[in-house]
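In what follows, every chain begins at residue 1, and chains take the letters A, B, ... in the order their sequences are listed.
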Amino acid sequence: MVSRKVSRRRFMANTAALSAVGVAAPFVRGAYAAGKLSVGFWDHWVPNANGATEKLIKEWGEKEKVDVQIDFITSQGNKLLLTTAAEGQAKSGHDILAQNTFLPARNAELLVPMNDVMDQLIKDNGKVNATVEYLGKVGGKWLGVPATVGSQIKGPCSRIDLLKKHAGIDIQAMYPAGEAPKADNWTFDTFLKAAEACHKGGNPFGIGLGTTSDNVDTIGAVFHAFGAVMVNEKGDIVIKNDQVRQALDFYKKLMAFLPPDVAAWDDASNNKFLVSGQASMIMNPPSAWAVAKRDAPQVAEQCWTHGFPAGPKGRYAPFLPFFWCTWNFSKNQSAAKSLLLYLSQSSSAEKMVAASGGYDLPSFEKLTTFKTWAEEGPPKGTLYHYPNPHNHQILSVAAAPAPHKIAEQIYNQGIQTQMAVRYFKGEPLEKTLDWASGEIEGFMRN
Amino acid sequence: MANAAVATAGAVRPLRYGSISRDRKWALRWSYFFLTLFAIFFLMPPFYMLITSLKPKEEIAAITNPWWVYAPTLDNFIELLTQNAYMTFFRNSAIVSVCVVIVTMLISVIAAFSLARMKFWGSATLATGVFLTYLIPDTLLFIPLFKMMSWVRDTTGIELVNHWWTMIILYPTLTVPFCTWIMIGYFASIPKELDEAALIDGATWMQTLTRIFIPVALPGIIAATIFCFTVSWAQFLYPLAFTTSTTELVLPVGIVTTLIKGDVFNWGQIMAGALLGAAPPLIIYAFLMDYYIAGLTAGATKG
Amino acid sequence: MADIVASSAAARASGRTSLHKVMQRKSTIAFLMALPLILMIFILVAYPAGYAIWLSMLNKSMTKFVGFGNFDFLFKRATFWEIVLQSCIFAITAVIFKAIIGFVVAHFVNNIPTKGQRKWRGMLLVPWVIPAAMSTLSWLWLFDPSYSAFNWIFVHLGLPKISWLGEAGWARFSVILVNVWIGAPFFLIMYLAALKSVPEQLYEAASIDGATWWQRIWFVTLPMMRNIIAITILFSTIVTFANFDIVRVLTAGGPLTATHVFATWAFKVGIESGDIPLGATVSLFMVPILAVAATFILRDISKRGSEV
């Protein structure tokens, strides 16, 4: 009894201290947060990046006298998705679980609203982009806190030397470190020409067309850049339009210059293609570069992360956010919220970004200018343009603006990449559209 | 091509004695030649597993001769074995497999005895039923089982999802039918006179089972045990669907879901992990190969 | 529990002696001994199987009974028929090749002197012993698009690279290849045992009659091995048809849906896409096809048995 009182008093003091540094936490104050908390976070792809999160959580746990158990769950092979589905079904599981893209919306009814936390964070850290809002806020309810860990822009990562050699493009001049991009010429036309030249030179672009997220994200951004909508906000199938046809035509041209087996690529394939020195460009956050830095330094030195080429309807880049969510059957919701607040502070986010070598991307406006991105190398400045510091591209997610339930299926089943592959393999365009339309009808089942 | 070898060996056989022995010699050479080819095919993946597990990270990332190790290292094994997670997977797998073997053998030996020798109303139907159980794959059962588990939790408060010991309840559904089937075959082949004599001497059914049937059918029991262990060790779908926490995973799922990380270049460790994971069944097999084979074949032919 | 049954049986056995009662008691004991098996089959296999049928008749959110709505929905989809076809091609081709390779290799092993057979048999059975998920991992690495060790050899022989898992045809080939690799040793062992049980005199008699090697295989070996061939094919068909591990680890159904089989597609639809009733419906399609295979082969065995 005595010890419990002490810890409670201590907790109150800590909460007070926390508010003092500028993070007011009305919903935690007075709540009994001490006890046990289990968190399931995304298992990071950058070597050793889990360490920062682990350390931050330990610090918090010691301060709050909460015994935190951390699981790192990989998203490879849909493990994270399966875990989420299992816990949602079983109505038990981690108090905080990282859920990516469409999962919070799928589980909307099972998640604790995070409006109080988000109001505070937006006040402190600035606004979030429209994609985060589309994915994380349903019916005015925030379903989770956009996580720093794992959230990513999947822009191009190019080989400086190979682009110069094969396509005559100086990507560093286009995207100079520390300066605004000078990339007006960086359009789909330039991109296609470069793809062709690099393919001829024996170092094709490594853009996958499997059904995993890297591949779907890329084609999603391309669709947006053509203004190609398959299902509108109201849930009507509008797939038979010229924008969709243009996007597919573009992909048909592009695929001729890609490696022959891209249809089977998963999230790891493009990385391996880059690290093995064969690729002149892949679409990936800096994890591939980080791995190359460790295992193939001569490749890493030539990598440059930059922005997407612009299409007829604008310059779109794929953004894949993770959310930290709490189930409504969690036994320790107040402690969970307190931890989330702690992890989302600027100082915490900065540590995570640093540990992940710049991979992790906070969703809040004011948190995109950390030193890590400017300083990481070699080559120095390679990540400067990764967090989109000049708001030069519009962050998007594939299948938006369709209603979440349908968009999730389009995304998970990789309908867009499947369409591209079918069309490329010689299926008539209208038949491909019919096929996709039929699949999407299937997603509308109740 | 393979048949051609047999052809040259067989077609000229009914000739003079000397040529028969010369043909035999050629048949033998061809046999060895093709056996070597097949052995290369059959052993190549495990061999490749071994050499990859001995390579340092840089060597895997570089495009060099994949069939050779230039700078062998045990780093992958050391890193793996000093990781708590891997040891946890190993421990979970070991406990689950041993428990499943015990549970399975208790259920199936006793049931097989009763079905093969004692007979009761519906016992023939049950024997067929045991066989039919085989037709219902785990891939059909895991969805309803999952829903049943949440029912158990709602009514009794016992949480079955995300615990490694749940596998001890589930795996017997995969092992018991086959083991019972093998054992029915074995028991049926034991001469009726043996147990009739024992019963006349006043032995109970249970004594007949433990004193006569089990010793006589021991090779079959060992074979069934090995089968049972191999199946439990290798089962993939149930743990994939029912466990998620790192502390609750068993080996195959642990390796596939936690060692393969999308962007990280981990193949040295993955191969080391797979190799160590394959070791227990391989070791058992190396020492008990004859039981393994005898039981497998006898169980299947006589059933 | 076994002991309790035994001792109570012993206690009662010493009491009464009437033949009828003994018989009655014997069947009661027998029933009790089989009870754990019965309970297990009913609770963990029969009930969930029935429950799966019930689930397959609910709507996606499991709130409404829709009868055969899910089946109707599946029948109208091209993807479903593609998967039916693939599952069949996959199972049939793999089983045939396993049986042929097993048969041929068994003959080679049987050809060499007995004292060397053990060693060869030991080596050739290794793929069957390694857990499938783990050996498939090494195949996955052998097939890797960027680091394929096979392609390395091909390139050095001046042959073009093959995208093993990237093109529908090759991906199907690869999945079947791995399946054959894992399953052929089982056939090998079975056939080897069967070959040994064929009496040598039959071959001698055939030789004296001037039979060719082909006639000896057709008229002596195959009829003698008929039962075991049927049994192994039955087993292998079941295991291959319901296979999950290999496809899941190797291709996860891709490229597109070119290597999905019932099990992996049910997993994809039911668990990953959260449509449990539809997943249950897909997986139910494994049952009738397997049941047909089983009755067919079992009937054949009993017919052969009564002829002999």
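- Contact annotation for C/Ile41: only side-chain heavy atoms (C-beta onward) come within less than 4.5 Å of a heavy atom of chain B.
- Only the side chain of B/Ile255 comes within contact range of chain C, with heavy atoms under 4.5 Å apart.
- Classification of the B/Trp30-B/Phe33 ring pair by plane angle, with boundaries at 30° and 60°, yields perpendicular.
- With a 6.0 Å radius and a threshold of 12 heavy atoms from other residues, nucleotides or ligands, C/Phe42 has its CZ atom at or below the threshold.
- Heavy-atom pairs under 4.5 Å with chain C were tallied for B/Pro45, B/Pro66, B/Ser114; the largest tally goes to B/Pro45.
- Within a 6.0 Å sphere centred on CH2 of B/Trp67, other residues, nucleotides and ligands contribute more than 12 heavy atoms.
- For chain B, no part of C/Phe262 is nearby; none of its heavy atoms comes within less than 4.5 Å.
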* To do: Please report the C-alpha distance between B/Gln235 and B/Asp138 in whole Å, then the side-chain angles of each, then the deciding distance to 0.1 Å, and finally whether the side-chain hydrogen bond (donor to acceptor under 3.5 Å, both in side chains) criterion is met.
  => CA-CA 10 Å; B/Gln235 167 55 280; B/Asp138 49 356; 3.0 Å; yes
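- Between the NZ atom of B/Lys55 and the CE atom of B/Met271 there is a distance of 11.0 Å, given to the nearest 0.5 Å.
- The parts of C/Arg118 that come within reach of chain B are both its backbone and its side chain, each placing non-hydrogen atoms under 4.5 angstrom from that chain.
- Interface remark: B/Thr104 contributes no atoms to any contact with chain C (heavy atom separation under 4.5 Å).
- Residue B/Pro172 comes nearest to B/Pro177 through the heavy atom pair O-CD, 3.8 Å, listed as atom of the first residue, atom of the second, then distance.
- Interface remark: B/Thr230 contributes side-chain atoms only to the contact with chain C (heavy atom separation under 4.5 Å).
- Side-chain polar atoms of C/Tyr203 and C/Thr221 form a donor-acceptor pair below 3.5 angstrom.
- Looking at B/Ile169, the atoms closer than 4.5 Å to chain C (heavy atoms on both sides) sit in the backbone and in the side chain alike.
- Legend: residues meeting ring pair (Phe, Tyr, Trp, His ring centres under 6.0 Å) with C/Phe103, ordered by chain and number and at least two apart, are C/His107, C/Tyr191.
- B/Ser53 is linked by a side-chain hydrogen bond (donor to acceptor under 3.5 Å, both in side chains) to nothing, counting only residues two or more places apart in sequence or in another chain.
- The part of C/Val249 that comes within reach of chain B is its side chain, from C-beta onward, which places non-hydrogen atoms under 4.5 angstrom from that chain.
- If you tally non-hydrogen atom pairs under 4.5 Å between each of C/Thr136, C/Ile38, C/Val105 and chain B, the highest count goes to C/Val105.
- Between chain B and the residues C/Asp245, C/Val126, C/Leu55, C/Val178, the largest count of heavy-atom pairs under 4.5 Å involves C/Asp245.
- Heavy atoms of B/Leu115 lying under 4.5 Å from chain C belong exclusively to its side chain.
- Neither the backbone nor the side chain of B/Ser108 comes within contact range of chain C, judged by heavy atoms closer than 4.5 Å.
- When the shell of 6.0 Å around NZ of C/Lys196 is examined, it contains more than 12 heavy atoms from other residues, nucleotides or ligands.
- Of the listed residues (C/Leu44, C/Asn243, C/Leu140), the greatest number of heavy-atom pairs within a distance under 4.5 Å of chain B belongs to C/Leu44.
- Between C/Phe108 and B/Phe38, the ring planes are tilted. Angles from 30° to 60° get that label.
- For B/Leu240, the part sitting under 4.5 Å from any heavy atom of chain C is the side chain, from C-beta outward, and nothing else.
- Note on C/Pro48, C/Ala133, C/Ala263, C/Ala34: by heavy-atom pairs under 4.5 Å with chain B, the leading option is C/Pro48.
- Of the atoms belonging to C/Val282, not a single heavy atom falls under 4.5 Å from chain B.
- Minimum heavy-atom separation, B/Thr52 to B/Tyr48: OG1-O, 2.7 Å.
- Ranked by non-hydrogen atom pairs under 4.5 Å with chain B, the options C/Thr264, C/Leu142, C/Ile130, C/Thr232 are led by C/Leu142.
- Neither the backbone nor the side chain of C/Ile208 comes within less than 4.5 Å of any heavy atom in chain B.
- Interface residue B/Thr180: only side-chain heavy atoms are found under 4.5 Å from chain C.
- Contact of B/Phe142 with chain C is made through the side chain alone, with heavy-atom distances under 4.5 Å.
- Interface residue C/Trp181: backbone and side-chain heavy atoms are both found under 4.5 Å from chain B.
- C/Ser283 contributes a side-chain N or O that, together with a main-chain N or O of C/Ala280, makes up a donor-acceptor pair within less than 3.5 Å.
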